[in-house]
Amino acid sequence: METKKIEKKWQKYWVVHNTFVASNESDKKKYYILVEFPYPSGAGLHVGHVRSYASLDAVARKKRMEGYNVLFPMGWDAFGAPAEQYAIKNHIHPSKAVKENIKTFKGQLQSLGLSFDWSREIATTDPKYYKWTQWQFLKFYEKGLAYKATVPVNWCPNCKMVLSNEDASGGVCERCGTGVVQKEKSQWMLGMKKYAEKLLDGLDDTKFQEKVKLAQKNWIGKSMGAEVDFQIDNSDEKLKVYTTRPDTIFGVTFMVIAPEHPIINKLSERILNIDEIREYKEFASHKNEMERTQLNKDKTGVKVLGFYAINPITQDKIPVYVSDYVMMNYGTGAIMAVPAHDERDYAFAKKYGINIIPVIEGGDTSREAYVGDGIMINSGFLNGIDNKRDAIFTITEYMEKNGIGKRSVKYRLQDWVFSRQRFWGEPIPMINCPNCGWVPVPYSDLPVKLPNVTAYEPTDTGESPLASIEEFVNCKCPSCGGPAKRETDTMPNWAGSSWYWLRYMDPNNDTEFVSQDALKYWGKVDWYNGGMEHATRHLLYARFWNNFLYDEGLVPNAEPFIVRTSHGMILGSNGEKMSKSKGNVINPNECIDEFGADALRVYEMFIGDYEKEVNWNTASLNGCKKFLDRVERLGTKLRESNRYSKEIEVLMNKTIKKVTDDLDNLKYNTAVSSLMILLNELEKLDEVTTKDYRTLLLLLNPMAPHITEELNEIYKLGDVLCESSWPKYNKEKLVEDSITIAIQINGKLRGTIDVALDTEESELEKIALANENVKKHLEGKNIIKVIVIKNKIVNIVAK
RNA sequence: GCGGGUAUGGCGGAACUGGCAGACGCGCUAGUCUUAGGAACUAGUUCUUCGGAGUGCAGGUUCAAUUCCUGUUACCCGCACCA
């Protein structure tokens, strides 16, 4: 039968028999495999999706055959700006476009024969789904973790949208690459910062790949130091700074505050050059990404004329500067500058001719800042002691005793900017009442559904298009009943994906976001696979969200995922990222048409190291097709026979072990190659036993599910493969009776000998020395030593 | 700048705890069968001056190093004036 027909046949079989539908009640051990759900773009499925889906599908299929109750679900992360951009361009409502895209995606996934439990399909854009996203937002609000604040935000002038720090990394818009500018806007925020420590500690409860843990740790960016108060001269006002180097306080020669620092306005009357400083603030806010990186080393700033800060230890008068190399959103927005021992301060001091006082021995501060450790100098009562071991504690204690400063921990992690001024997102369920202020939409009124928008364009004022829909905006205050206005901001596209794995456990529940029973049964996601690019965004948001739900007693575990892995990207055959403009995009549909779904699946698993990026190579795909054809042709050699071969038996057992282990350890490429080796050996035989053939098909089934089922049926080898048990190997049958041992002279290979397993060392030495080629190479040489390792090697050292 | 990673034939990549480097596949070469072949099969395929040399480069440890140690280069990724 033709490949296409075989694939359709089995895909239908699986649907009709509910083969992959997971049960919430089962005596079997549960196993939850999650792959990141796609954003259903208009471009259709990417071969990159296929790489992770096919690989994890093989794992899921194998786990089922091993007797697990496997949950392997799929859904759609369908909110987001691209759908909205598409709508603006083509005047098609996103809901319509998204619906069509989902249909395309689903068809593509199904044509690959992926064993998703489609009865649990979800879409973040479904009101039945986002009702619970909104519900959870209200939970955050109740705990004070969702709050409105006017903050400087990353604004993309092209997308006309606020971006989270995570979306604006590098100072450019994640999506369009435009440089972001800072803008003060009133936004909904989620208090992720409060969870910084928990998110850090929680990593210990996971088995994430180290690189993922590290990325998260760096993003959270914990640092330990001290907050120190510098009195402003002739004033009650204090300038609070944060420093990780309190030991260098005797070396402070100036202070730097961020352009947005509130003390500027507080003391504006005393500042003689206030206009100049406000001008500088304006200048700094307009810097875009390009300028910022180019000016990275070239620091700018303005000296504040009119007041000084007093060093609380030395009582020296310290000049204050305004400079944008100090950020308002980290620490206290003010620093004590120690040019002798900090590169940035050094550069600034050099430029503005500020005094540089070394306080730690070592280095040459006339040439560069010395950031190393050493003995304290020029530091009063700290002189002569080691800075790192002693001074840092001595001074901190002194400051705490005298009320000058205190120990302090800071995080780089910021609260999550949770508003978007777009309409294709979950409406934030809040109402603004002139009398009552912000009032949450009552739970009973959820979901707040998206109205049918007809004008898609975002506005220059930065308001959502929803703001112009009066029947949506105008409402009654749930608290006082008076006229009020609905929030028109929507949630970011990361909202729906921050809890979707929970919904899969109980996708049709109308009364709860997920039932406690389902939560108890499925627990944590055992294995979560997704892109490395989500290591600091989606993955952190999801962990934060779940940790919060845990604190509310809504889920049984603080950490949602046990294992997290990520796959390497698939690049075009030219080694560049696949893109329409480069014309190197490979369409999975075309691959399926030409080579079949099984071949594509096997190829994407065989293509290379799973975690590394690889270049696409259609010729190699053809090679995998040939492999499957050969498996099929091997069927013609089938005989009911009792022929026994020790070698085949050993190879069979080895292969079972190899495939079993490799599928659990991301080694998909070697799992495939070991099956190729097995096939090569079986092909050499005149006849193949049905037992061996069925084992081959069972092992190959998770990777190439259609053709293997078909062959199993044609040759009447037994039960449907995916309903059969996974083959087991016999530990005792993994080693052959005889092995080949290498003989080296001075580490160079001079021959090999076939000997019985466990041949004694003395015997091996004898055989090795009797070898003709060895004799030849030993001519005229004295044997100094012979190293013999049983079952491994003989190395003769000779001179 | 900081943090992480990678480096093996023409290509993708194998190699357990240090023990025959290049498994497996692609590509290539020759042949067989074919009207034909972008089909199938068979044989070969790291380089080589045929002594040897060889896992980015330079050292070291060892009987033995792709694997361990020191230094170094290139590339990739993440963060980036985080005090």
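The model shown is predicted, which means the values in this text are computed figures rather than measured ones. Naming convention: chains lettered A, B, ... in sequence-line order (proteins, then strands); numbering from 1 in each chain.
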Between the protein and nucleotides 14-16 of chain B, list every N/O to N/O distance that falls short of 3.5 Å.
residue : atom : partner : partner atom : Å
B/rA14  : OP1  : A/N669  : ND2          : 3.1
B/rA15  : OP1  : A/K667  : NZ           : 3.2

Please list each protein N or O that sits under 3.5 Å from an N or O in nucleotides 38-42 of chain B, with the distance.
residue : atom : partner : partner atom : Å
B/rA40  : O3'  : A/R633  : NH1          : 3.1
B/rC41  : OP1  : A/R633  : NH1          : 3.4

Run the numbers on A/Y610 and A/T565 for side-chain hydrogen bond (donor to acceptor under 3.5 Å, both in side chains), then give the verdict. CA-CA 10 Å; A/Y610 183 70; A/T565 56; 5.3 Å; no
Stepwise side-chain hydrogen bond (donor to acceptor under 3.5 Å, both in side chains) check, A/D345 with A/Y325: CA-CA 10 Å; A/D345 298 346; A/Y325 85 86; 2.8 Å; yes
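Atoms CE (A/M328) and C1' (B/rA83) sit 13 Å apart, rounded to a whole Å. Rounding to whole angstrom units, CE of residue A/M224 and P of B/rA83 are separated by 12 Å. Whole-Å rounding puts the A/E611 CD to B/rG4 P distance at 17 Å. Between A/I745 atom CD1 and B/rC20 atom C1' the separation is 14 Å, expressed in whole Å. Rounded to a whole Å, the OH atom of A/Y325 is 8 Å from the C1' atom of B/rA83. Straight-line distance from the CG atom of A/N791 to the P atom of B/rU17: 18 Å, rounded to whole Å. The distance between atom CG of A/L571 and atom P of B/rC77, rounded to the nearest whole Å, is 10 Å. Between A/E533 atom CD and B/rG78 atom P the separation is 9 Å, expressed in whole Å.
For A/T670, the side chain to side chain contact (heavy atoms under 4.5 Å, CB included) partners at least two apart in sequence or on another chain are A/K658, A/D662, A/K667, A/S673. Under the ring-ring contact (aromatic ring centres under 6.0 Å, His included) criterion, A/F254 pairs with A/Y321, A/F348, not counting sequence neighbours.
Shown here is A/E227, whose CD atom has more than 12 heavy atoms of other residues, nucleotides or ligands within 6.0 Å. Around atom NZ of A/K733, no more than 12 heavy atoms belonging to other residues, nucleotides or ligands sit under 6.0 Å away. Dense packing is recorded around NZ of A/K351, with more than 12 heavy atoms of other residues, nucleotides or ligands lying under 6.0 Å away. No more than 12 heavy atoms of other residues, nucleotides or ligands shown are found within 6.0 angstrom of NZ on A/K766.
A gap of 42 Å separates the C1' atoms of B/rA14 and B/rU35, to the nearest Å. B/rC47 sits 28 Å from B/rG37 when the P atoms are compared, rounded to a whole Å. B/rG25 and B/rU45 are spaced 14 Å apart, taking the P atom of each and rounding to whole Å. Using P as the reference atom, B/rU42 and B/rC24 are 14 Å apart when rounded to the nearest Å. Taking atom P in both B/rU72 and B/rG4, the straight-line distance is 15 Å, to the nearest Å. Distance noted for atom C1' between B/rU8 and B/rA65: 14 Å (whole Å). Between B/rU66 and B/rA80, the distance separating the two P atoms is 40 Å to the nearest Å. Only the C1' atoms considered, B/rU46 is 16 Å distant from B/rA15, to the nearest whole Å.
With A/T536 contributing its side chain and A/W219 its backbone, the two residues share no donor-acceptor pair below 3.5 Å. For the pair A/Y280 (side chain) and A/D324 (backbone), a donor-acceptor distance under 3.5 Å is present.
Looking at the side chain of A/L214, the nearest of the listed nucleotides B/rC24, B/rA83, B/rG4 is B/rG4. When distances run from any side-chain atom of A/R412 to the nucleotides B/rA21, B/rG27, B/rC79, the shortest one goes to B/rC79. Listed nucleotides B/rA83, B/rC20, B/rG3 differ in distance to A/A742; the shortest reach to its side chain belongs to B/rC20. In this structure, the nucleotide among B/rG25, B/rA83, B/rC26 sitting nearest to the side chain of A/N617 is B/rC26. Relative to the side chain of A/N218, the nucleotides B/rG3, B/rC79, B/rC26 differ in distance, and B/rG3 lies closest.
Using cut-offs of 30° and 60° for the angle between ring planes, the A/Y370 and A/H341 rings count as perpendicular.
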Classify every nucleotide of nucleotides 47-70 of chain B by which part a protein heavy atom approaches to under 4.0 Å, writing B for the base, S for the sugar-phosphate alone and - for neither, in 5'-to-3' order. ------S---------BS------
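B/rG51 takes the syn form, because its glycosidic angle lies no more than 90° either side of 0. Base orientation of B/rG9: syn (glycosidic angle within 90° of 0).
The residue A/T740 sits close to a base: some heavy atom pair falls under 4.0 Å. If you check every strand for non-hydrogen atoms under 4.0 Å, A/A215 touches nothing. A/G623 comes within contact range of the sugar-phosphate backbone alone, with a heavy-atom separation under 4.0 Å but no base atom that close. Across all strands, A/E210 comes closer than 4.0 Å to no nucleic acid atom at all (heavy-atom distances). Within the nucleic acid shown, A/N680 comes within 4.0 Å of sugar-phosphate atoms alone, with no base atom in reach, counting heavy atoms only. Within 4.0 Å of A/V786, counting heavy atoms only, lies no atom of the nucleic acid at all. A/M676 comes within 4.0 angstrom of the backbone, heavy atoms only, and of no base.
For RNA chain B, runs of at least 3 consecutive pairs of the Watson-Crick or G-U wobble type, with both hydrogen-bonding distances under 3.5 angstrom, map to B:1-7 with B:73-79, B:10-12 with B:24-26, B:27-32 with B:40-45, B:56-60 with B:68-72.
A salt bridge links A/E36 to A/R564: at least one charged side-chain nitrogen sits closer than 4.0 Å to a carboxylate oxygen. Between A/D593 and A/K4 there is a salt bridge, since at least one side-chain N of the basic residue sits less than 4.0 Å from a carboxylate O of the acidic one.
In terms of position on RNA chain B, the residue among A/N615 and A/S674 whose nearest nucleotide sits closer to the 5' end is A/N615. Nearer the 5' end of RNA chain B, as judged by each residue's closest nucleotide, is the contact made by A/V614, out of A/V614 and A/Y242.
Between A/V602 and A/A704, the closest heavy-atom pair is CG2-CB, 4.0 Å.
Atom NZ in A/K281 sits 12.0 Å away from atom NE2 in A/H261 (nearest 0.5 Å).
Between B/rA83 and A/Y330, a contact under 4.0 Å exists linking OP1 or OP2 to a side-chain N or O.
Residues A/K222 and A/E197 meet the side-chain proximity criterion, which asks for heavy atoms closer than 4.5 Å. Side-chain contact between A/M192 and A/Y541 is present, with at least one heavy-atom pair separated by less than 4.5 Å.
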